[in-house]
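All values derive from a computational prediction rather than experimental measurement.
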Amino acid sequence: MSFDVLITGGEVLDGTGAPPYRADVAIVDDKIAVLGGLPGAWAPTVIDATGRLVTPGFVDCHAHGDAAVFDPAVQLAALRQGVTTFVLGQDGLSFAPGSAATVAYASRYFAAVNGALTAEGPLTVAELLAGYDRAVALNTAYLLPHGTIRYDVMGPSPERAGRDDLAAMLRHVERGLSEGAVGLSSGLEYLPGRYADAEELAALCAPLGELPYVTHMRAYGERAGEGMAEVLEIARRSGARVHVSHLHGPAGVLLPLVEGALGEGVDLTFDTYPYQRGNTILAMVALPPSVPGAEPETAMKMIASDELDDWWPTLGEVWPRLTISHAPGLEWAEGLSLEAAAERAGSAPAAFCRRLLVETRLEAGVVIARPDEGPQGDDSVRQMLRHPAHTGGSDGIYVGGHPHPRGFGAFARYLGRHVRELGDWTWANASLHLAARPARRFGLGDRGLIRRGYAADVVVLDPGKVGDRATYAAPRTLAEGVGDVLVAGVPVLAGGELTGATPGRALRAS
């Protein structure tokens, strides 16, 4: 018997939640061909997995690698955690579909989150996916970003969508789904998504069928009930399946909301990452909703003027919670708290914040401590990830000199801390939460399981060593314990290093 790749001697976690079992894995082309004992089998590539676990590749349900995924350093960071697929187009903002002006807006407004795409618009979903296909070591899947679509139809207008506007947006959704998008995302705290109402969002969810509506809600933490109420209204109006992004906050508040939605018959899942701080654009944290951040020239004039003089003092409790992650032109401030950077610059925090926003043209990013989780925050994180509706997501941001460590450590932290050290999951649970369930949720067809005939996205990891090393002080430190990874049957990580192969597929909904 001859195959293309043989993985021998390992314990297989098949993704179903079943306990690990001893089996060799044989791969032909991009598929798993045989599982079981294979004495006498031959392959040009043999991976000895003795003492290690063989798992399906993990699906990062919430990754901001839209532009960064082309960077080999980002690919290495993901693969060293066992992540073989990024779900992109998050929070309602990305690069397609839209005109040249829309692509430029998405690149500018979310530059501190998604980075900037080198290609200019106009850009369709099909063209964006074609740019990813076999160009990187990871698979990519793409959500239709509601905010991008709204901007393409209505620009930065805060007005309610009219009938013609809805019809134009709906055409974008229908075309994007036909070109392979795996759902629709919204970002209801960002621009222009926050101008949409439940009626607009429900109308755009109507064509989704079994694919999810993925939402960065309008409110989280102690106010998550407000956000979830809107989610339920959208689900009732449209019948859509729902996936809530980065559902963080007190578990005592959030889990009853999840259970309430499930009790009403809403098909709901959510992702969380195993940390207690967030990472976003400074403009969202520091500016009042009245500032038109979609139009930077107008916004910067307001920031530099005295129009916001009554606003800045209200942020006194916010400054100590901010660490600067991305500040183009002011890179010396990256990694410093906003207060420390202000002191170094000889400014008050409010004055330095204004400087950051103006000199970076609203591109500054920050890591932010969430006060709503408090001293019980770690316990809340653990309760949330144990829920059966949970799926793994890093919310990884790779832009800036000092990003949140979650992009470099979240999946390894799930395994090292929450499986091996704390026992929040078994190893079998981990493969279910991180591979099989998200693959099903986003319609990724034959991904997410170690099963004959399935795509050979396979991870070989050491259960005694796997873990995160990235910290808030050193956020770009690579994880350890994942030595070998295959994507579509091709080794992309060997001995913990990139092989240089780029077999990653742009996955279409199946």
Side-chain angles (χ1 to χ4, degrees), residues 58-63 66 85-97 124-126 128-129 132-133 139-150 166 169-188 193 196 198 200-217 230-247 258 261-262 265-271 389-393 433-449 454-455 457 505-510:
F58 302 142
V59 177
D60 189 337
C61 288
H62 193 107
D66 302 50
T85 299
F86 275 171
V87 181
L88 307 174
Q90 301 288 346
D91 295 335
L93 287 158
S94 191
F95 305 117
T124 66
V125 171
L128 184 65
L129 291 177
Y132 292 131
D133 201 43
N139 301 317
T140 50
Y142 190 70
L143 298 166
L144 287 166
H146 160 259
T148 301
I149 290 171
R150 191 181 212 271
L166 282 175
M169 286 191 272
L170 193 59
R171 286 194 293 272
H172 269 316
V173 172
E174 291 170 341
R175 179 178 177 181
L177 291 172
S178 72
E179 292 175 347
V182 299
L184 174 74
S185 79
S186 67
L188 303 183
E200 174 181 326
L201 293 162
L204 300 184
C205 285
L208 291 176
E210 295 187 358
L211 296 174
Y213 165 59
V214 180
T215 182
H216 173 133
M217 300 190 302
E230 184 177 38
V231 166
L232 296 184
E233 182 180 356
I234 293 164
R236 290 189 200 104
R237 286 172 175 260
S238 66
R241 302 181 178 199
V242 174
H243 182 88
V244 180
S245 297
H246 41 61
L247 187 59
V258 170
L262 294 170
V266 176
D267 186 343
L268 182 141
T269 54
F270 63 89
D271 61 74
H390 171 273
T391 62
H433 280 254
L434 304 182
R437 186 176 295 146
R440 288 199 304 268
R441 193 52 160 175
F442 293 98
L444 303 185
D446 59 357
R447 261 77 188 176
L449 296 175
Y454 268 55
D457 294 347
R505 307 295 205 260
L507 304 179
R508 275 74 171 174
S510 172

Under a 4.0 Å N-O cut-off, is there an ion pair linking Asp267 with Arg441? yes

Here the gap from Met169 atom CE to Leu144 atom CG, rounded to the nearest 0.5 Å, amounts to 13.0 Å

Should the heavy atoms of other residues, nucleotides or ligands under 6.0 Å from CZ of Arg237 be counted, would the total exceed 12? yes

_In terms of relative ring orientation, are His216 and His246 parallel, tilted or perpendicular, with 30° and 60° separating the classes?_
perpendicular

Task: Neighbour count >12 (heavy atoms, 6.0 Å) for atom CD, Glu210 - done: no

Q.
Contact between Leu129 and Glu179 at the side-chain level, heavy atoms closer than 4.5 Å - yes or no?
A. no

**Pro97 side chain near Ile149 side chain, heavy-atom distance below 4.5 Å** = yes

Is any side-chain heavy atom of Thr269 less than 4.5 Å from a side-chain heavy atom of Pro212?
no

Which of Thr215, Leu143, Val214 passes side chain to side chain contact (heavy atoms under 4.5 Å, CB included) with Ser245? Answer is Val214

Value for CZ (Arg175) from CG (Leu170), rounded to nearest 0.5 Å, stands at 14.5 Å

So CG of Asp133 and CG of Leu507: to nearest 0.5 Å the spacing works out to 8.5 Å

| message | Taking the side chain as everything from C-beta on, heavy atoms only, tell me whether Leu208 gets closer than 4.5 Å to Leu184. | response | yes

Taken to the nearest 0.5 Å, the spacing of Tyr213 OH from His146 NE2 works out to 7.5 Å

- Message: Could you tell me if the side chain of His433 sits less than 4.5 Å from the side chain of Thr391, heavy atoms only?
- Response: no

Determine whether the side chains of Thr148 and Ser94 contain a donor N or O and an acceptor N or O closer than 3.5 Å. no

Backbone N/O of Arg505 and side chain of Asn139: donor-acceptor pair under 3.5 Å:
yes

So Gln90 and Asp66, do their side chains get closer than 4.5 Å, heavy atoms only?
no

Rounded to the nearest 0.5 Å, the CZ atom of Arg150 sits from the OG atom of Ser186 at a distance of 12.0 Å

Interatomic distance, CZ@Phe442 vs CZ@Arg447, rounded to 0.5 Å, equals 15.5 Å

Under 4.5 Å between any side-chain heavy atoms of Val266 and Val231, yes or no? no

